[in-house]
Number of protein chains: 2
Amino acid sequence: MKDSAAAVMLVDDHAVVREGYRSVLQKQPGLRVVAEASDGAEAYRRFKEVKPDLVIMDLAMPGIGGIEAIRRIRQWDRNARILVFTMHQNAAFAVQAIRAGARGYVTKTSPPETLVQAAMDVLAGRIAISPDIDHELALSRLGGEVVAADVLSPREFEVLRMLLAERSSDEIADTLHISPKTVANLHYLIKTKLGVDSDIELVRLAMRQGILSQGDWGEA
Amino acid sequence: MKDSAAAVMLVDDHAVVREGYRSVLQKQPGLRVVAEASDGAEAYRRFKEVKPDLVIMDLAMPGIGGIEAIRRIRQWDRNARILVFTMHQNAAFAVQAIRAGARGYVTKTSPPETLVQAAMDVLAGRIAISPDIDHELALSRLGGEVVAADVLSPREFEVLRMLLAERSSDEIADTLHISPKTVANLHYLIKTKLGVDSDIELVRLAMRQGILSQGDWGEA
DNA sequence: GCAACGTCGTGAAAATTTCCCGGCCCCGCG
DNA sequence: CGCGGGGCCGGGAAATTTTCACGACGTTGC
């Protein structure tokens with residue numbers, strides 16, 4: 001597609017929000033919205049059908065989330081250009097998204113021009129990160145808190161997940177085939193490594209770092 | 001405003017999302033968007049200036065949240081018509097919003113027509129609740145979980161808030177001028193009343209019920 | 001007055017957390 | 001190969017917390 005408009009696919013579970021993307025993007029002559037999807041699975045399916053030049057997508061979605069969708073799309077097409085557009089003003093999510101293969105990360109609090117600019121940047125092969133996330137990222141390097149995924153061993157991380165899933169120590173011991181005592185020890189080790197004193201702090205740290213996704217608690 | 005279009009104010013901290021509302025609403029002849037705001041405080045200020053016939057607003061916003069904004073606006077104008085439009089597919093939030101004075105609650109996952117329909121309903125004096133929330137609400141009546149704000153005494157609720165704010169038992173005892181022992185007892189009582197076994201469950205129940213707002217953990 | 005309730009606190013048993021330890025396995029290195 | 005380092009698994013024991021029963025007190029409502 002030499003110099004005709006670039007084909008863009010929008011992914012967001014909120015129809016009204018997609019309408020917003022569309023309205024903002026269509027003001028830019030170089031862009032043309034050719035497809036939409038409302039969850040990760042649909043995004044992957046539609047991507048294979050229409051092969052858009054650019055995907056703009058949210059992270060918080062029912063079923064398979066945005067991160068996983070990015071991974072799958074990139075696995076199918078190593079050159080896919082994906083721009084994340086989300087409400088999460090949080091460095092941890094940005095890191096996850098970029099690692100999964102996103103080429104840009106813009107928060108929904110940004111002015112519309114920023115989205116358009118980022119879209120053009122990504123299409124031109126550049127990496128686009130919105131300023132607020134740049135700032136967050138800088139902060140998280142300097143004196144930021146420990147990153148669970150970094151300091152915890154695989155086993156510890158697994159136990160952390162299960163603890164967050166509201167499973168009792170005994171249940172965890174059972175499904176992991178280890179003694180409850182070991183679970184208690186792991187629990188303690190995890191808190192120590194993360195520099196946290198109570199379970200309450202633990203849960204909130206996990207949320208900040210995106211280990212506990214919102215989807216997990218949105219429904220009663 | 002006999003039969004000219006009704007004046008609508010949009011409140012959402014995401015500019016692109018407001019663009020979506022606008023795009024969807026302007027297709028409806030009876031509606032005219034006359035103002036926008038990006039947080040609760042601005043919403044209150046702008047409301048007093050333009051006195052719109054209808055306010056459509058999100059709940060999750062920086063600074064004073066949507067619930068508080070609803071309360072203030074309704075305090076200033078008992079007849080204000082406010083329609084909540086949010087991503088929270090959660091009965092607890094809906095209950096809070098309605099109690100604060102909202103006349104409608106629609107989730108962002110709803111199709112655009114639902115939003116338009118709800119807007120017209122609220123303008124006509126009806127209460128508008130989207131079907132998914134109706135369903136949640138029904139569920140929460142039948143066998144739903146206990147509501148913290150209902151079963152806890154004021155003191156207990158206060159302690160719960162402080163626990164969630166990551167304050168240590170000793171700090172709480174100090175600022176409340178009671179013995180640490182009493183805090184421990186309250187902590188225990190709270191968990192008992194809410195039918196919860198661990199602090200982890202406690203935090204997640206609090207999140208579901210909107211006692212711990214996202215704003216509190218969104219930033220690192 | 002008195003019953004019901006929320007608040008504050010004590011006490012003491014039960015359970016958990018905390019911390020140190022040793023053993024096991026695997027891997028990289030001199 | 002021998003050796004140290006790491007992750008994994010759990011025992012043990014002290015320290016702390018959780019749990020629960022029990023008073024005492026003031027308020028509220030009947």
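Every chain is numbered from 1 and lettered A, B, ... according to where its sequence line falls, protein lines coming before strand lines.
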Between [N] atom [atom2] and [X] atom [atom1], what is the distance in whole Å?
| X | N | atom1 | atom2 | answer |
| --- | --- | --- | --- | --- |
| B:Y188 | C:dA14 | OH | P | 15 Å |
| A:I190 | D:dG7 | CD1 | C1' | 13 Å |
| B:D199 | D:dT18 | CG | P | 7 Å |
| A:D197 | D:dT16 | CG | C1' | 13 Å |
| B:H187 | D:dT17 | NE2 | P | 12 Å |
| A:I200 | D:dT18 | CD1 | P | 10 Å |

Considering only NZ, NE, NH1 and NH2 on the basic side and carboxylate oxygens on the acidic side, decide whether [X] and [Y] come within less than 4.0 Å.
| X | Y | value |
| --- | --- | --- |
| A:K108 | A:D58 | yes |
| A:R204 | A:E201 | no |
| B:E68 | B:R72 | yes |

Original post:
Is it true that a side-chain atom of A:R18 and a backbone atom of A:D13 form a donor plus acceptor pair closer than 3.5 Å?
Top reply: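 Looks like no, no N/O pair under 3.5 Å.
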Original post:
Is a side-chain donor or acceptor of A:D53 paired with a backbone partner of A:A7 at a separation under 3.5 angstrom?
Top reply: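 Such a contact is found between A:D53 side chain and A:A7 backbone.
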**OP:** Begin with the C-alpha distance, continue with both residues' side-chain angles, and end with the deciding distance and a verdict on side-chain hydrogen bond (donor to acceptor under 3.5 Å, both in side chains) for B:T114 and B:Q117.
**Re:** CA-CA 5 Å; B:T114 303; B:Q117 184 56 52; over 6 Å; no
List, with names and distances, any nitrogen or oxygen atoms from the protein found under 3.5 Å away from nitrogen or oxygen atoms belonging to nucleotides 7-9 of chain C.
{"unit_1": "C:dT7", "atom_1": "OP1", "unit_2": "B:R155", "atom_2": "N", "d": "3.0"}
{"unit_1": "C:dT7", "atom_1": "OP2", "unit_2": "B:S153", "atom_2": "OG", "d": "2.0"}
{"unit_1": "C:dC8", "atom_1": "OP1", "unit_2": "B:R155", "atom_2": "NE", "d": "3.3"}
{"unit_1": "C:dC8", "atom_1": "OP1", "unit_2": "B:R155", "atom_2": "NH2", "d": "2.7"}
{"unit_1": "C:dC8", "atom_1": "OP2", "unit_2": "B:R155", "atom_2": "NE", "d": "2.8"}
{"unit_1": "C:dG9", "atom_1": "OP2", "unit_2": "B:S179", "atom_2": "N", "d": "2.6"}
{"unit_1": "C:dG9", "atom_1": "OP2", "unit_2": "B:T182", "atom_2": "OG1", "d": "3.0"}

